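First the structure, in the form of structure tokens, and then the observations on it.
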Amino acid sequence: MKFDFDFDVKWTLISRAWMILAGFVTVLLLPLYLDATEQGYYFTFLSILTLQIFFELGLNQIIVQFVSHETADRLDGQADSTRKFYIPSLRLMLLVQSLRRWYRFLAGLFALLVIPVGLMFFSQDTSTNSADWLPIWIIIVIATCLNLYFSAFLAACEGFGKVGEVSRLRFFQNLIGYIIFWLALKYDFGLMSICVVPTVNAFFSSVWLSKQEWLRHTGEDEGPFIPINWKKDIFPLQWRMAVSWISGYFIYNLFVPLTFAIQGAVEAGKLGIALAIFNSISTLGLSLVNAKFPLMGKFIASNNRVMLNHLFKSISIKSLIINMMLCAAFVFFVWFLSNGWSYIIDRMADLEILIILSVAVIINPFISSMALYMRAHKQEPMLLVSIVMGAVVSIGSYYAIKVSVFAMLSIYLSCIVLISLPWTLYLWSGYRRRLK
């Protein structure tokens, strides 16, 4: 199989590959410059900040879908850095104006609600002084608010055909952000270092988006047109997507806060550092599918099922191979370090936990690939799957974590293998056989 990549996929892979490398370097540096409790706070901060899912509610993915469908007759799907400027339609620009108003509201609401939530959650840990973490929490929440606002317009740019350019932006902002973050750790900024990456990301996104001419365009008057009706065109899909994404929070992001609350900050830090690496691996494998998500939408809009299915088969197989290779390499890497690098191994989850997570990370991107294929049809068939998985994993994890982290993750993997995978395969096979 040839691994030939175009501009979009190339920069998406470069961006995600850097995140994996940055994750490995961070794994090596955190035990050197943060104590075990600080490491627990670090990863619990990151897990709680994923509460932005409850505010964004899957709308970014819907934005990519709608913009790609709107521009199906304008863009050729072959993205490169020299593509000519296309004048967007008036219908599309009215959507962008609505996004500006809505995401300002969401970002403000996020800050007003999440800062107090963090204050109440972390105040339960009496072993630390609130002055050690409260200013850091406020700064990182504000930076996350800015990134939440900018995320809508980055999604619109991806739908417009600028997938590779957005990925290139993310590569450079994370490159600079992580280098500064590591320097901050080295020069004893401690837990405050966590503020660096989201703050740098917000700055770079702001500068890059200010240079996107089409976002400032008033739109091309094409005569009579039907404006996008939020209630009719977007909300029916969004509420289903929102429920799926909220369920996804309980499936993927509850483990570290639960471990922090039941097993303590030290165990939360061990699990958090393992999850960070595996999430990076999963994201890299899935990046091939994400990079082609707008193109899948264009193929569906033009009813080109042959090209759609050929594209999906190619990128999903490549994604699966990449995940398997990286998971095996990471588990071997940790096993190798266990022979002498005790300062790292003492801060890392046990090997049996890493094996469970590696199996989950090999299966999950395959499930996500099928979900993206179906969602490219501007539908959300994963609603019931997500609700059932969210409920079963959450309840099972709550009771299992009282036994051990291993028991909690065993419940998680069992749910993936017995519920999510066969159910998603059944749903996807129906879409695969569609003629229109």
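Because the structure is a prediction, the values reported are computed rather than measured. Residues: numbered from 1 along the sequence shown.
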To the nearest 0.5 Å, what is the distance between [atom1] ([X]) and [atom2] ([Y])?
X	Y	atom1	atom2	answer
Ile416	Met389	CD1	CE	5.5 Å
Ser282	Ile277	OG	CD1	13.0 Å
Gln263	Leu271	CD	CG	10.5 Å
Met408	Leu258	CE	CG	6.5 Å
Trp208	Gln173	CH2	CD	10.0 Å
Asn323	Phe278	CG	CZ	10.5 Å

Would you find a donor on one side and an acceptor on the other, under 3.5 Å apart, between the side chain of [X] and the backbone of [Y]?
X	Y	result
Ser15	Trp11	no
Thr44	Gly40	yes
Asn304	Ile300	no
Ser314	His310	no
Glu158	Val163	no
Thr144	Ile140	yes
Asp35	Glu38	yes
Ser368	Pro365	no

Shortest non-hydrogen separation from [X] to [Y] and the atoms involved:
X	Y	answer
Leu148	Tyr103	O-CD2, 3.3 Å
Ala202	Phe150	O-CE1, 3.4 Å
Gly190	Leu185	O-CD2, 4.1 Å
Leu254	Ser394	CD2-OG, 4.0 Å
Val417	Leu421	O-CB, 4.3 Å
Leu427	Met382	CD1-SD, 4.2 Å

Q: Would you please classify the geometry between the Phe122 ring and the Trp133 ring as parallel, tilted or perpendicular, with 30° and 60° separating the classes?
A: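 Aromatic pair Trp133/Phe122 classed tilted.
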Q. Do the ring planes of Phe171 and Trp18 sit parallel (below 30°), tilted (30 to 60°) or perpendicular (above 60°)?
A. perpendicular
Q. Have Thr26 and Trp182 got a donor and an acceptor in their side chains that come within less than 3.5 Å?
A.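 Note: Thr26 and Trp182 side chains meet the donor-acceptor criterion.
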Q: Answer yes if the side chains of Tyr373 and Asn309 hold a donor-acceptor pair under 3.5 Å, and no otherwise.
A: yes
Q) Would Tyr426 and Trp423 satisfy ring pair (Phe, Tyr, Trp, His ring centres under 6.0 Å), going step by step from the backbone distance to the final call? A) CA-CA 5 Å; Tyr426 172 75; Trp423 199 343; 8.9 Å; no
**Q.** Sidechain N-carboxylate O distance under 4.0 Å for Lys211, Glu165
**A.** no
Can you find a heavy atom in the side chain of [X] that is under 4.5 Å from one in the side chain of [Y]?
X	Y	value
Leu413	Leu357	no
Met192	Cys195	yes
Asn174	Asn201	yes
Phe45	Ile136	yes
Met19	Arg170	no
Ser205	Phe153	no

Q: Start with the C-alpha gap between Phe255 and Val393, add the side-chain angles, then the distance that decides, and say whether side chain to side chain contact (heavy atoms under 4.5 Å, CB included) holds.
A: CA-CA 10 Å; Phe255 299 137; Val393 171; 4.1 Å; yes
**Q.** Met324 atom CE, neighbour heavy-atom count above 12 within 6.0 Å
**A.**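 Result for CE/Met324: open.
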Q: Please report the C-alpha distance between Met348 and Lys270 in whole Å, then the side-chain angles of each, then the deciding distance to 0.1 Å, and finally whether the side chain to side chain contact (heavy atoms under 4.5 Å, CB included) criterion is met.
A: CA-CA 5 Å; Met348 177 67 69; Lys270 291 181 178 181; over 6 Å; no
Q: Walk me through it: do Trp428 and Phe366 pass the test ring pair (Phe, Tyr, Trp, His ring centres under 6.0 Å)?
A: CA-CA 11 Å; Trp428 173 80; Phe366 184 58; 7.6 Å; no
Q.
Test side chain to side chain contact (heavy atoms under 4.5 Å, CB included) on Arg305 and Phe299; report intermediate values, then the result.
A. CA-CA 7 Å; Arg305 308 296 300 186; Phe299 284 148; over 6 Å; no
Q: Apply side chain to side chain contact (heavy atoms under 4.5 Å, CB included) to Ile14 and Arg168, showing your working.
A: CA-CA 8 Å; Ile14 290 173; Arg168 184 170 55 185; over 6 Å; no
Q | Check: Tyr33 ring centre within less than 6.0 Å of Phe189 ring centre | A | no
Q. Of the options Phe121, Phe43, Phe260, which is the one that meets Ile48 in a side-chain contact (heavy atoms from CB on, under 4.5 Å)?
A.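 Running side-chain contact (heavy atoms from CB on, under 4.5 Å) over Phe121, Phe43, Phe260 with Ile48 returns exactly one hit, Phe121.
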